[in-house]
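Please read through the structure below; I'll follow up with questions.
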Amino acid sequence: MKAFIKTYGCQMNEHDSRRMHSVLRREGYEIIDTMDQADFVLLNTCSVREKPENKVYSFLGTARDLKRVKPDLVIGVAGCVAQQEGQRLLKREKSVDLVFGPDNMFKLPQMLAEVRAGKRVLETRWAERDQRRVHNFIPDEELERNEVDGRKAYVAISKGCDNFCTFCVVPYTRGRDISRESENILCEVRDVVARGAREIMLLGQNVNSYHAGDWRFYELLDAVSQVDGLVRVRFKSPHPNDWGNRLSDLLTARPTICNQLHLPFQAGSDRVLEKMRRNHTVDDYIEKIDYLRGINPGIEISTDIIAGFPTESDAEFERTLDVIRHCRFEHMYAFMYSERPNTLASRKMDDDVPQEVKSERLQRVLALHNQHQQEQLDAFIGQTVDVLIDGAHPREKGVMCGRTQGDRPVAVRDADLEIGDLVDVAVDARRKFSLEGEPVRMMVTDT
Ligand code: SF4
């Protein structure tokens, strides 16, 4: 039996797909890269933005065509669109056999057995949290089965979110905020490191709201960063409200914590931030960035921006550009506002900024960021950066690829390097969005 999983969206979905690979392998499936030969096609979906959601229906059309010539093919839909659409999806797409939300992925064997018995299955129940909002949502028997790929692994520390920002679909598709016990997480981290992971990414929809007994994100990050054999740890995504200078100090002090922070700011106007229910001001945000850049000049900071949130005026949008000019982000995820189902903004606010205005604002954000990015790339030339090698260059012979602590791609001219090597690279050139250089010192290797 062969299974193919198509994944849309964020790293949390990547993590969930890897988990489902492991569950399916245990059931005797071989995981394949294309769907033509598959007996089971599963779409792991994302509905944070409109575009990935639309892609799901076009992909389902292709799977439906395949089922016409291969009637035993099982088609499943997992992830946020599955949770959000549930019964509607089963009604709309008659070829789909199985629809389940993110909290049900470990029930795949039972659900597939029901499908084989002739049922169409819908499973969108939430995981239950205890009074402390804690639940070990990775079952014990799965702790030692987290996939390590390219010497990297994802570790989910929490899921869901209680913030209910007015534009965001996450509390409706991923549920309420639940954290795992710290020891349960550390056990998994030690295991993936023992099985070869050099870098791990701690994941949560609001990663730094982590809470389990006396442990907060600070204590957890501190403990993970000291696990024997771990070379790098990253985390995504934090919220500005739960980010304090103490965490900036820890990130700066610990060499294993990557010198990178993703801190979404969304909009440069306090009035718009209030309408988004972000519960912080522009000044709060800038103070945190200034503190971190002050103690750690090499830090690479990324952010999220929404252009054209309901009622955003031209003057308020100009403030967004001012914040970008001040913070000079190294990376940015910027999008035009689009209504997401169930959110407060979609129910109570008019999407009143015209599409062409949103589009023009987005272009201005991207142009300004691009200018900063080009200047930042130029400034790397002549510097030495540490690079974790993650594979051979797909087109250039004798060139290996890797990432800096700030997650910048680097082409390294040395064919003898292996995946997982950590190497100091002297940067001598830049490409459109990446760096290039020669290795000068091997820092961590197996050989
Ligand atoms: S904090 Fe993040 S995940 Fe939570 S509702 Fe707001 S945008 Fe969504």
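What you see below is based on every heavy atom in this structure, not just the backbone, and it leaves out hydrogens, waters and symmetry mates. Order of appearance sets the numbers: ligands from 1, and atoms from 1 within every ligand. Keep in mind it's a predicted model, so treat the numbers as computed, not measured.
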With a 6.0 Å cut-off on ring centres, are Y172 and F164 close enough?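 Aromatic pair counts; centres sit under 6.0 Å.
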Think R92 forms a cation-pi with Y57, using NZ or CZ under 6.0 Å from the six-ring centre and within 45 degrees of its axis?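 The answer is yes, since R92 meets both limits relative to Y57.
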Relative to the heavy atoms of H239, which atoms of ligand 1 are at a distance of less than 4.0 Å?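 Here the atoms of ligand 1 in question are 1 (S).
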If we ignore angles and hydrogens, is there a donor and acceptor under 3.5 Å between the side chains of D191 and N146?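 No pair is found: no donor N or O on one side chain lies under 3.5 Å from an acceptor on the other.
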Count, excluding waters, the protein N, O or S atoms that are closer to atom 8 (Fe) of ligand 1 than 2.8 Å.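 If we list every protein N, O or S atom nearer than 2.8 Å to atom 8 (Fe) of ligand 1, we get 1.
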Can a non-hydrogen atom of R174 be found less than 4.0 Å from any atom of ligand 1?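 R174 does not count as a contact of ligand 1 under the 4.0 Å cut-off.
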Against the six-membered ring of Y218, is R246 placed for a cation-pi contact (under 6.0 Å from the centre, within 45° of the normal)?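 Yes, R246 lies over the aromatic ring of Y218.
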Electrostatic pair E312-R361, nearest N-O below 4.0 angstrom: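 Judged by the 4.0 Å cut-off on N to carboxylate O distance, E312 and R361 do form a salt bridge.
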Taking atom types as modelled, is there a side-chain donor on H239 or N279 under 3.5 Å from an acceptor on the other?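 Side chains of H239 and N279: no pair found under 3.5 Å.
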When you check the gap from the basic side-chain N to the acidic O, do E93 and K67 get nearer than 4.0 Å?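 No, this pair does not count.
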